[in-house]
Amino acid sequence: MKKFIRHSINNIFLYGSVTVVCLFLVSIIFQIFSRGLPVISWEFIADFPKDGLTKGGIFPAIAGTILLTFITTLLAVPFGIACAIYLSEYAHDNWLTRLIRAAIRNLAGIPSIIYGLFGLALFVQALQMGTSLLASGFTLGLLSLPYIITTSEESLRRVPTLVREGSLALGATQLECIRDVVLPAALPGILTGVILSLSRAAGETAPILFTGAVFYINSLPGQPTQEFMALPYHLYMLSTQHQSIELVRPLAYGTATVLIVLVFLLNIIAFYIRFKKRNYE
Amino acid sequence: MEYKRRELLDIAFKHIFRTAGLLTLLILAGIFFMLIYNSIAFFLQSKPLDFITSSQWNPGSSKVSYGIGPLLVSTLLVSLGAMIMAIPLGIFTAAFLSEFAGRKLQNILKPFIEMLASIPSVAIGFLGIVVIGPGIAKIFGIQNGLNAMNGSVLLAIMALPTIVTIAEDAIQAVPKTYREGSFALGANKWETLFKVTLPAALPGLIAAIMLGLGRAIGETMTVLMATGNAAAFPTGFLDSVRTITATIAIEMGEVPYQTTHYFALFAIAAVLFLITLGINLLGEYFANQFRKFQP
C-alpha cells in the first residue's frame, strides 16, 4: 500500500511535468493567436502604419525582417559553412583547432545583448556603417555563426569516409571531392541547421536595438545603409514604448501572431527537410 | 596545364577555409577586447571600488553613481526563481521522455518542445505583459504584476527546452546494463529511475541545469519587458527588478557616445560576459563527464 502511494506520487510528478510543459506551449499559442488572428487581414499585412501607428498595417516591419534575415544569411552562411569545412575536412587535432572549437562553443553561449554591443562598437562606430540594415544584419550574422558552424560540421562528419576515399582515388583534388561529393551528401543536414538558426535570428530583438531598428520609417529601406523596421522590435515597441499602449494592443497581438507564424513556418520547413533526409537514408 | 589550374584552386580554397576558421577565433577575441577596452576606460573615469560597493545604479541624476550591486542581485534573483521552476519540470519531463514514453509519443513531444524553444523572446515578454503579469497581480492582490516573479516564470518557460533536451541526452547515455542490473535485483521502474538512472546521469543533469541557467541570465527582452525595471535592491519576488541585460538595453540607446555612462554599460556587460562564460564552461565540463559513458 505504501509503495502504491509512493508510486502514484511519482506518477503525478512525471506525467504532471510533461503536461505542464505542453500546456505552456499550447496556452502561449492560444493566448496570442486567439486575439491576433482576428486582427490579421490583407490590409494589416500589406499596408503602412497610420495615425501614429494606431491604425494600418505592418508591411514595413515584415519587409524589414525579411531584408534583415537576407543580409544575415549573406554573411553567416558562406562564412559558417567554410569554417565547418575547415574543421571537418582539413583540421588536424592540434592546439589551434582545439582553440577554434573552444571559441565557437563560447561564442554560442554569449548573451545576445553583448552581440548588440559588439555590433554597435564594430559595425556602427568603428567601421562607420551607422545604425543601418547592414550593421544589424552583420550583427545577427555573427550571432548565428556558431550555431551554423556546429550543425554544418556535424552533418559533414556524418558523410562516410569511404565516399571521400573513393572520389580521391579517382583523381579528384580535395576541393573537388568536397564540392562534388561531400557537400551534396551533407546538404540536407546543413540546410536544416541554417534554416533553424535563421529563424532564431529573425526573432531576435536585443542585437538590433542599437544597431539600426527604429520605431517608424515611412518608406521601405531601399538601401542597406538605411535604418529599418523589424517585426520583433515593432512588437516590443507597441507593447511597452507607445504613448497609448491600450489603443495599440490589438496591433501588438497581430504583430506577435505574424512573427510566431513566420518562425514556425521556417521551423516546419527545417523539420520537413530532416524528415525527408531520414526517409532517404 | 589543366591539372596545374585544378591544383592551384585546391590550394587557394584550402587557405580560404582555414581563414574562415581563424576568423571565428578573431571574433571571440574581438568581443573580449571590446569589453575589456571599454571597461578600462570606465574604471579610469570612475572608482572601481564604487562599482562594487555603491548600492545604487543612478547614472541620470545629479548625484551620479554606478553600483552594479542592485543589477547583479536582480539578475540572480530572477534567474534563480526561473531555475526553481524549470529544474524539476525539465528533469521530470526528460525522464518521462526517455524512460516512459513510447516511440510514437516521443516523436510528437520532442519537436513540440523544440517549437517552444523557437518562440522569439519578445513574444514571451509580450505574454508576460498581457497574461502572466496581470495574473500574478490578481493572485497576490498587488497593483502591478511586472515584477521578479513574472520574469522568473517567463525565463523558466524559455530555459525548459534547453534543460529537457540536454537532460534527456544525459539520461539516455546511461548504459542499459545499469538498468538491467537494477531490474535483476528486483527493483521496479520507479526505483530504477530514482536510485540508479538519475544518479548515474547526474553530471549530465548538472550540465543541463548550467546551460539553462546561462541562457536565463543572458536573456534580455523578456526581463526588459516583464520585470518593471526599478534599479533598487529587490527584497522579494514581488518587487520590481532591473537586470544587467535590461539596463544595457534601456540605456544604451540614449547615452551619448564615449561618456562615463557609455563606458559603464560596457563594464556591466563585461561582468555579465564573465558570469555566463563561467557558467557555460562549468556546464561544458559536466557535459564532457557524461559523454565519457559513451564508447
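Chain letters run A, B, ... following the sequence lines, proteins first, then strands; residues in each count from 1. Here the structure is a predicted model, which is why all the values come from computation and not from measurement.
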Participant: Between A/Ile110, A/Leu266, A/Ile260, who has the most heavy-atom pairs with chain B when the cutoff is under 4.5 Å?
Facilitator: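 Among the listed options, the one with the most contacts to chain B is A/Ile110.
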Participant: Once rounded to the nearest 0.5 Å, what's the spacing between atom CG of A/Leu235 and atom CE of B/Met221?
Facilitator: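 Here the interatomic distance stands at 8.5 Å.
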Participant: Any side-chain heavy-atom pair from B/Met252 and A/Leu120 closer than 4.5 angstrom?
Facilitator: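 The answer is yes; the side chains approach within 4.5 Å.
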Participant: Kindly give the heavy-atom pair with the smallest separation between B/Ala20 and A/Cys83, and that separation in Å.
Facilitator: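 Taking every non-hydrogen atom into account, CB-N, 3.7 Å.
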Participant: Quick one, A/Phe264 and B/Ile119 - any side-chain contact, counting heavy atoms below 4.5 Å?
Facilitator: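 A/Phe264 vs B/Ile119: side chains touch.
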Participant: Name the member of A/Pro232, A/Ala126, A/Ala91 that forms the most heavy-atom pairs with chain B at distances under 4.5 Å.
Facilitator: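 It is A/Pro232.
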Participant: Heavy-atom pairs under 4.5 Å with chain B - which of A/Ala103, A/Pro78, A/Pro146 has more of them than the others?
Facilitator: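 Going by pairs under 4.5 Å, I would pick A/Ala103.
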Participant: Determine whether B/Ile31 and A/Leu107 make a side-chain contact, defined as any pair of heavy atoms from C-beta on separated by less than 4.5 Å.
Facilitator: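 A side-chain contact exists here, since the closest heavy-atom pair is under 4.5 Å.
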Participant: With only heavy atoms counted, which part of A/Leu25 is less than 4.5 Å from chain B, the side chain, the backbone, both or neither?
Facilitator: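 Both backbone and side chain of A/Leu25 come within 4.5 Å of chain B.
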Participant: Side chain, backbone, both or neither: which part of B/Ile27 has an atom under 4.5 Å from a heavy atom of chain A?
Facilitator: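 Both backbone and side chain of B/Ile27 come within 4.5 Å of chain A.
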Participant: Please classify the contact between A/Tyr86 and chain B as side chain, backbone, both or neither, with a heavy-atom cut-off of under 4.5 Å.
Facilitator: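 Backbone plus side chain of A/Tyr86, per the 4.5 Å heavy-atom cut-off to chain B.
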Participant: Looking at CH2 of B/Trp190 and CZ of A/Phe13, how far apart are the two atoms once the value is rounded to the nearest 0.5 Å?
Facilitator: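 The CH2 atom of B/Trp190 sits 11.0 Å away from the CZ atom of A/Phe13.
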Participant: Count the heavy-atom pairs under 4.5 Å between each of A/Asn267, A/Thr205, A/Thr240 and chain B, then report the option with the highest count.
Facilitator: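 Heavy-atom pair counts peak at A/Thr205.
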Participant: Without placing hydrogens or testing angles, list every side-chain donor-acceptor pair under 3.5 Å for residues 248-258 of chain A, not counting sequence neighbours.
Facilitator:
unit_1, atom_1, unit_2, atom_2, d
A/Tyr253, OH, A/Arg35, NH1, 3.2
A/Thr255, OG1, A/Leu251, O, 2.7
A/Thr257, OG1, A/Tyr253, O, 2.8

Participant: What's the separation between atom OG in A/Ser239 and atom CG in B/Leu127, rounded to the nearest 0.5 Å?
Facilitator: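 Going from the OG atom of A/Ser239 to the CG atom of B/Leu127 covers 11.0 Å.
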Participant: A/Val18 versus chain B, heavy atoms under 4.5 Å apart: side chain, backbone, both or neither?
Facilitator: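 For A/Val18, heavy atoms of backbone and side chain both lie under 4.5 Å from chain B.
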Participant: Count the heavy atoms of every other residue, nucleotide or ligand shown that sit under 6.0 Å from CD of A/Gln128, and state whether that count exceeds 12.
Facilitator: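 Open: at most 12 neighbouring heavy atoms sit under 6.0 Å from CD of A/Gln128.
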Participant: Which heavy atom of B/Ala249 sits nearest to which heavy atom of A/Leu209, and what is that distance?
Facilitator: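 Heavy-atom minimum between the residues: CB-CD1, 3.6 Å.
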Participant: Less than 4.5 Å apart, any side-chain heavy atom of A/Ile28 and any of B/Ile157?
Facilitator: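 A side-chain contact exists here, since the closest heavy-atom pair is under 4.5 Å.
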Participant: Determine the option with the most heavy-atom pairs under 4.5 angstrom with chain A, choosing from B/Thr245, B/Leu211, B/Val130, B/Asn280.
Facilitator: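 The option with the most such pairs is B/Val130.
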Participant: Would you mind reporting whether A/Tyr90 and B/Arg18 have side-chain heavy atoms less than 4.5 Å apart?
Facilitator: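 Side chain of B/Arg18 against side chain of A/Tyr90, heavy atoms only: no contact under 4.5 Å found.
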Participant: Taking atom CZ of A/Arg179 and atom CZ of B/Phe13, what is their separation to the nearest 0.5 Å?
Facilitator: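 A/Arg179 atom CZ to B/Phe13 atom CZ measures 8.5 Å (nearest 0.5 Å).
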Participant: Is chain A contacted by the side chain of B/Met115, its backbone, both, or neither, given a heavy-atom distance below 4.5 Å?
Facilitator: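 For B/Met115, heavy atoms of backbone and side chain both lie under 4.5 Å from chain A.
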Participant: Is any side-chain heavy atom of B/Leu9 less than 4.5 Å from a side-chain heavy atom of A/Leu175?
Facilitator: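 Yes - at least one pair of side-chain heavy atoms lies under 4.5 Å apart.
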Participant: Kindly compute the distance separating CG (B/Asn38) from CG (A/Leu117), expressed to the nearest 0.5 Å.
Facilitator: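 Taking CG in B/Asn38 and CG in A/Leu117, the distance rounds to 8.5 Å.
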Participant: Mind checking whether B/Phe112 and A/Cys22 have side chains closer than 4.5 Å, heavy atoms only?
Facilitator: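 Yes - at least one pair of side-chain heavy atoms lies under 4.5 Å apart.
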Participant: With a 4.5 Å cut-off on heavy-atom pairs, point out which of A/Phe118, A/Tyr236, A/Tyr233, A/Phe24 contacts chain B the most.
Facilitator: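 Most heavy-atom pairs under 4.5 Å with chain B: A/Phe118.
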Participant: Can you tell which part of B/Glu219 gets under 4.5 Å to a heavy atom of chain A, answering side chain, backbone, both or neither?
Facilitator: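 Neither part, no heavy atoms under 4.5 Å.
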Participant: Report the option among B/Tyr257, B/Phe126, B/Phe266 that has the most heavy-atom pairs separated by less than 4.5 Å from atoms of chain A.
Facilitator: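 Of B/Tyr257, B/Phe126, B/Phe266, B/Phe126 has the most heavy-atom pairs under 4.5 Å with chain A.
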Participant: What part of B/Lys189 is in contact with chain A, defined as an atom under 4.5 angstrom from a non-hydrogen atom: side chain, backbone, both or neither?
Facilitator: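 For B/Lys189, neither part sits under 4.5 Å from chain A.
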Participant: Report the option among B/Thr220, B/Leu35, B/Ile11, B/Leu277 that has the most heavy-atom pairs separated by less than 4.5 Å from atoms of chain A.
Facilitator: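 Option with the top pair count is B/Thr220.
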Participant: Pick one of side chain, backbone, both or neither for A/Leu122, based on which atoms fall under 4.5 Å of a heavy atom in chain B.
Facilitator: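 Contact with chain B: none, neither part.
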Participant: Please classify the contact of A/Gln125 with chain B as side chain, backbone, both or neither, using a heavy-atom distance under 4.5 Å.
Facilitator: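 Contact with chain B involves the side chain of A/Gln125 alone.
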Participant: Mind ranking B/Leu224, B/Leu97, B/Leu281, B/Ile16 by heavy-atom pairs under 4.5 Å with chain A and telling me who comes out on top?
Facilitator: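 Ranked by contacts with chain A, first place is B/Leu224.
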Participant: So which part of B/Tyr37 gets closer than 4.5 Å to some heavy atom of chain A, the side chain, the backbone, both or neither?
Facilitator: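 Neither the backbone nor the side chain of B/Tyr37 comes within 4.5 Å of chain A.
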Participant: Examine whether an atom of A/Leu99 lies under 4.5 Å from a heavy atom of chain B, and if so say whether it belongs to the side chain, the backbone or both; otherwise answer neither.
Facilitator: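 Both parts, backbone and side chain.
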Participant: Using every non-hydrogen atom in the two residues, find where B/Arg6 and A/Gly171 come nearest and quote the distance to one decimal.
Facilitator: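 Closest heavy-atom pair between B/Arg6 and A/Gly171: NH2-O, 2.9 Å.
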Participant: Report the option among B/Gly218, B/Pro120, B/Gly253 that has the most heavy-atom pairs separated by less than 4.5 Å from atoms of chain A.
Facilitator: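 It is B/Pro120.
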Participant: Has B/Phe194 got more than 12 heavy atoms of other residues, nucleotides or ligands less than 6.0 Å from its CZ?
Facilitator: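 Counting other residues, nucleotides and ligands, CZ of B/Phe194 exceeds 12 neighbours.
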Participant: Using a cut-off of under 4.5 Å for heavy-atom pairs, which of B/Ile279, B/Thr93, B/Thr19 has the most such pairs with chain A?
Facilitator: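 Sorted descending by pairs with chain A, the first entry is B/Thr93.
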Participant: Considering only heavy atoms, give the residues of residues 85-92 of chain B separated from chain A by less than 4.5 Å, sorted numerically, with 'none' for an empty result.
Facilitator: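 Within residues 85-92 of chain B, near chain A: B/Pro88, B/Leu89, B/Phe92.
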Participant: How long is the span from the CD1 atom in A/Ile113 to the CD1 atom in B/Ile248, to the nearest 0.5 Å?
Facilitator: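 Answer for the CD1-CD1 pair, A/Ile113 versus B/Ile248, is 5.5 Å.
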Participant: Checking heavy atoms, do the side chain of A/Gln31, its backbone, both or neither come under 4.5 Å from chain B?
Facilitator: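 The side chain, not the backbone.
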Participant: Count the heavy-atom pairs under 4.5 Å between each of A/Arg105, A/Gln174, A/Arg200 and chain B, then report the option with the highest count.
Facilitator: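 Highest number of heavy-atom pairs under 4.5 Å: A/Arg105.
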Participant: Going by heavy atoms in the side chains, are B/Val122 and A/Leu259 under 4.5 Å from each other?
Facilitator: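 Yes, side chains in contact.
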Participant: CZ of B/Arg215: more than 12 outside heavy atoms within 6.0 angstrom?
Facilitator: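 Check fails, neighbour count at 12 or below.
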Participant: Answer with side chain, backbone, both or neither: which region of A/Ile149 has an atom nearer than 4.5 Å to a non-hydrogen atom of chain B?
Facilitator: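 The side chain, not the backbone.
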